[in-house]
Asker: 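One structure follows; several queries about it will come next.
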Protein chains: 2
Amino acid sequence: MFNISSGGRKIPKAVIKRLSLYSRVLQAMEMRSVEKISSMELGEKLGLNPAQVRKDLAYFGQFGVRGVGYYVAELRKSIKRILGTDREVRVGLIGVGNLGLALLSYGGFARQGFRIVAAFDNDKRKVGSVKNNIEIFNVHELEEKIKVRAIDLAILAVPADAAQEIADRVVKAGISAILNFVPTRLVVPDDVKVHYVDLAIEIESLTYYLR
Amino acid sequence: MFNISSGGRKIPKAVIKRLSLYSRVLQAMEMRSVEKISSMELGEKLGLNPAQVRKDLAYFGQFGVRGVGYYVAELRKSIKRILGTDREVRVGLIGVGNLGLALLSYGGFARQGFRIVAAFDNDKRKVGSVKNNIEIFNVHELEEKIKVRAIDLAILAVPADAAQEIADRVVKAGISAILNFVPTRLVVPDDVKVHYVDLAIEIESLTYYLR
DNA sequence: TAGATTGTTAATCGATTAACAATC
DNA sequence: TAGATTGTTAATCGATTAACAATC
């Protein structure tokens, strides 16, 4: 597992997120057989400044052609390579409650090349069943399955009081990236990356803007 | 519906999000009968600088006592008032697919004082049924129910190609805040606030950090 | 009073945008 | 060549952090 070198500069997290957005726009363009796109067009579709688009890409190399723009298919391939989504990413989902269940059935992951290869729960009634073609294992088997199924990335959707313990276990089993839906700040080693998705905070802060 | 005045300065979106986080920490403190808290303690629990905590709060007034700190219950009440979550916020959920269904059953919203008062779908098999005590209406009734049920806020969880049309309709019906789970940039009037939650982007950008 | 911690201003840091030479 | 658009540097803008007087 490696990323295209960024020459030692540290890349802002926001740049990486925009890279993902570019990739999606480019995917749509490619499907419509558009051959090239300028930083201005790409920016417009996402509400971003064209200079920002160029600068984001420049962190990783020179992908455009002066006077022409960027070749859609080529740029998309480069970005996927940078993100590491040019190959299948294997995902484990821990916690098959309401949210976990939704994530199991969510089509958006598979569409971007992610594959949930195992789900885990501690509810005996769920363990052993199959949802959306994905087996649900007993959470006791977590470490073993992470190894055997070569899981790269964990999605946490467990109750708040179990989150830290599960995080410790997946990290110990070698996982270095966690998508955390639990509103608990996880304490993990520096080289483990956690992204937080906090639905309650999203809706609460939105309320501020109600007229 | 009103917010505590901020004296004309525009408040960064990030400040509002942190306010929500403070509120949650304070809620937990209150439950443990903690009486006061310093900006340092509050910051530590969220990985934030104490000066930032004080500055965030200072946008809205003076809530602390020099030499003492902040009174937990009092500060929490003030923040809830600022956010507008000191009263019930009435939510409509549009799109009862996998994700929508999960959001219907998601306990986190109710816990923060949000109440989903109606759900909508265009699938005849779903319309008329009740999930988690919430009725699912035909999407044709959207405008009418927004009015009759005094819906403040819409959650969008529809297919991508329907998102803009639905957004247009809810805005026309008077909604000014949308939580959008659909990976489509919505075009709305300036005074309508849209928050995007993009699960595919979250996981894709996380992949960059895999070792 | 002495110690602690706020509220706020100034300094720093980082990210976005503008500008323009390079070049297709 | 003329026109267009990149890649990149410099200018601007905004957000975070440090510092400290005010004050409980």
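No hydrogens, no waters, no symmetry mates; every other heavy atom, side chains included, goes into these values.
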Asker: Does C/dT8 have OP1 or OP2 under 4.0 Å away from a side-chain N or O of B/Q62?
Answerer: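 Answer is yes, contact under 4.0 Å.
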Asker: For residues 31-57 of chain B, which residues have at least one heavy atom under 4.0 Å from DNA chain C?
Answerer: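 Of all residues in residues 31-57 of chain B, the ones placing a heavy atom under 4.0 Å from DNA chain C are B/S38, B/S39, B/R54, B/K55.
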Asker: Working to the nearest 0.5 angstrom, can you tell me the gap between B/L46 CG and B/E41 CD?
Answerer: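 It comes to 12.5 Å.
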Asker: State the CG-CG distance between B/N132 and B/L101, to the nearest 0.5 angstrom.
Answerer: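 Nearest 0.5 Å value for the CG-CG distance: 9.0 Å.
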Asker: May I have the distance from A/F60 (atom CZ) to D/dT6 (atom C1'), rounded to whole angstrom?
Answerer: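 In whole Å, D/dT6 C1' and A/F60 CZ are 18 Å from each other.
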Asker: Send over the distance from B/R66 CZ to D/dT23 P, rounded to a whole Å.
Answerer: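 Atom-to-atom, B/R66 to D/dT23, this comes out as 6 Å.
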Asker: Does the side chain of A/Y70 get closer than 4.0 angstrom to OP1 or OP2 of C/dC24 through an N or O atom?
Answerer: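 Result: no.
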Asker: Look at A/K172 together with A/E143 and state whether they make a salt bridge at an N to O cut-off of under 4.0 Å.
Answerer: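 No salt bridge links A/K172 with A/E143.
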Asker: Do A/D56 and A/Q52 have a side chain donor and acceptor closer than 3.5 Å?
Answerer: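 Short answer, no.
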Asker: May I have the distance from B/L75 (atom CG) to C/dT6 (atom P), rounded to whole angstrom?
Answerer: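 So the CG-P distance, B/L75 to C/dT6, works out to 11 Å.
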Asker: Can you give me the closest heavy-atom contact between B/D121 and B/G95, atom names plus distance?
Answerer: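 Looking at all heavy atoms of both residues, the closest pair is OD2-C, 3.7 Å.
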Asker: What are the residues of residues 15-24 of chain A, sorted by number, that bring a heavy atom to within less than 4.0 Å of DNA chain C?
Answerer: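 Listed by number, they are A/R18.
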Asker: Is it true that a side-chain atom of B/T207 and a backbone atom of B/I203 form a donor plus acceptor pair closer than 3.5 Å?
Answerer: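 Looks like yes, one N/O pair under 3.5 Å.
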